[in-house]
Amino acid sequence: MSVNILAIESSCDDTSCAVISDGILKSNVIASQKVHEAYGGVVPELASRAHQQNIVPVVSEALRQAGLSREELTAIAYTRGPGLLGSLLVGTSFAKGMAIGLDIPLVDVNHLHAHVLSQFIRENEDDPVPTFPFICLLISGGNSQIVLVKSENEMEILGQTIDDAAGEAFDKCAKVMGLPYPGGPHIDRLSKEGDAEKFKFSKPHIQGLDYSFSGLKTSFLYTVRDGLKENPNFIEENLADLCASLQKTIIDILLNKLKKAIRQTKVREVAIGGGVSANSGVREAVEELCRNEGIKAWIPKRSFTTDNAAMVATAGYFKYLKKEFGSLDQPPYARVTL
Ligand code: KG4
């Protein structure tokens with residue numbers, strides 16, 4: 001009998017459901033919420049309501065694409081946290097309801113674990129996967145971490161941001177330039193036509209493998225403010241160069257510590273994950289760094305970098321095989337580390 005796992009992800013503003021059979025991905029449906037664009041950021045109450053509207057059609061579509069009925073499912077996996085509590089409650093309640101109704105095990109998944117394990121999503125039997133130990137640079141809207149991945153459930157944070165995440169730096173600087181939310185993909189696109197050496201922004205001087213992005217944000221804000229004093233069209237006339245210079249600074253900061261971590265741990269493989277790992281500059285820079293260090297780089301498909309249930313299903317499958325089941329009285333958690 002096949003092990004068919006249906007997974008639900010609802011930690012922020014994407015409602016997603018995926019199905020995997022014996023570890024192979026059969027469907028991964030994502031409904032993104034456009035409602036937040038008008039507000040320049042995710043509005044928690046609106047996110048929670050949109051999840052309620054989306055969850056039934058998203059789950060039905062994931063089952064349809066997988067060609068499975070509810071009765072053929074073996075377990076339900078879901079994101080327990082971290083994330084927005086109102087959003088998590090929708091996915092958690094739905095997952096628990098399905099598990100009770102079908103009388104099958106429930107598997108709770110840590111969203112950050114799932115991002116790291118997104119390297120193990122397999123669409124075909126012969127898709128390659130990393131070997132342990134490897135380093136994962138986990139960069140998203142809420143996190144910037146260098147993680148030493150020793151096994152599916154043994155992860156050590158070697159360094160992390162002491163203030164803002166890399167994604168926040170992208171999004172907040174984008175807001176300063178009047179770009180829509182989330183700003184990361186817009187900066188990525190505009191950077192391609194800009195001069196990355198035109199503007200210099202400050203970089204943090206922090207010991208060890210930790211990150212900081214708040215100083216960069218301030219330095220960016222001051223550059224724009226001073227530029228506007230001289231020229232009211234400063235942003236429009238320099239948009240691509242501002243984006244390219246900002247993106248280069250963020251990449252330099254990320255890669256500097258990543259390189260240190262590679263040399264300290266002597267790992268032979270490096271992976272990236274989280275929304276910011278969709279950035280084309282980040283992807284190229286990590287590949288180049290790994291080539292220079294003579295090690296293997298794992299660059300995920302773009303659709304597996306931002307929030308998705310395929311990674312939750314994959315992490316849930318590992319837990320299912322070890323019989324690490326969740327229980328109905330477990331509440332979701334807004335904050336939790338790896
Ligand atoms: O992992 P994710 O989907 O969820 C949260 O952490 O909430 O990451 C979202 C973040 C946002 O900050 C977004 O701007 C950023 O990922 N992002 C990007 C790109 N695509 C998404 N940042 C830079 N370049 C991109 N292409």
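Counting convention: from 1, in listed order, for ligands and their atoms alike. For this chain, numbers begin at 1 and follow the sequence in order.
Interatomic distance, Thr74 OG1 to Leu6 CG, rounded to the nearest 0.5 Å: 10.5 Å. Interatomic distance, CG of Asn54 versus CZ of Arg49, reported as 14.0 Å (0.5 Å rounding). Here OG of Ser118 is found 8.5 Å from CG of Leu138. Values are rounded to the nearest 0.5 Å. Between the CG atom of Leu106 and the OH atom of Tyr78 there is a distance of 5.0 Å, given to the nearest 0.5 Å.
Nearest non-hydrogen protein atom to atom 3 (O) of ligand 1 is Asp307 N, 3.3 Å. In terms of protein heavy atoms, atom 12 (O) of ligand 1 is closest to Asp171 OD2, 2.6 Å. At the top of the distance list for atom 24 (N) of ligand 1, counting protein heavy atoms only, stands Asn279 ND2, 3.0 Å. The shortest contact between atom 7 (O) of ligand 1 and any protein heavy atom is with Cys12 SG, 4.1 Å. Residue, atom and distance of the protein heavy atom nearest to atom 26 (N) of ligand 1 are Asp188 OD2, 2.9 Å. Residue, atom and distance of the protein heavy atom nearest to atom 22 (N) of ligand 1 are Gly184 CA, 3.4 Å.
Using a 4.0 Å cut-off to heavy atoms of Gly142, the atoms of ligand 1 that qualify are 6 (O). Listed by number with element, the atoms of ligand 1 under 4.0 angstrom from any heavy atom of His115 are 1 (O). Residue contact check: Gly167 has heavy atoms under 4.0 Å from atoms 12 (O) of ligand 1. Residue contact check: Ala278 has heavy atoms under 4.0 Å from atoms 20 (N), 26 (N) of ligand 1. Contact atoms of ligand 1 toward Thr306: 3 (O) (distance under 4.0 Å to a heavy atom of the residue).
Nearest-residue assignment for atom 6 (O) of ligand 1 (options Gly141, Pro182, Gly275; heavy-atom criterion): Gly141.
Remark: aromatic rings of Phe199 and Tyr222 are distant, center separation not under 6.0 Å. A centroid separation of 6.0 Å or more is found between the aromatic rings of Tyr181 and Tyr39.
When Ser10, Ser87, Ser11 are each tested for a side chain to side chain contact (heavy atoms under 4.5 Å, CB included) with Thr79, only one passes: Ser11.
Residues Leu68 and Ile55 are members of one and the same hydrophobic cluster, defined by side-chain heavy-atom contacts under 4.5 angstrom among Ile, Leu, Val, Met, Phe, Trp and Tyr.
Defined by atom type and a distance below 3.5 Å, a donor-acceptor pair is present between the side-chain atoms of Asn153 and Ser151.
Every heavy atom of Gln247 sits 4.0 Å or more from the atoms of ligand 1.
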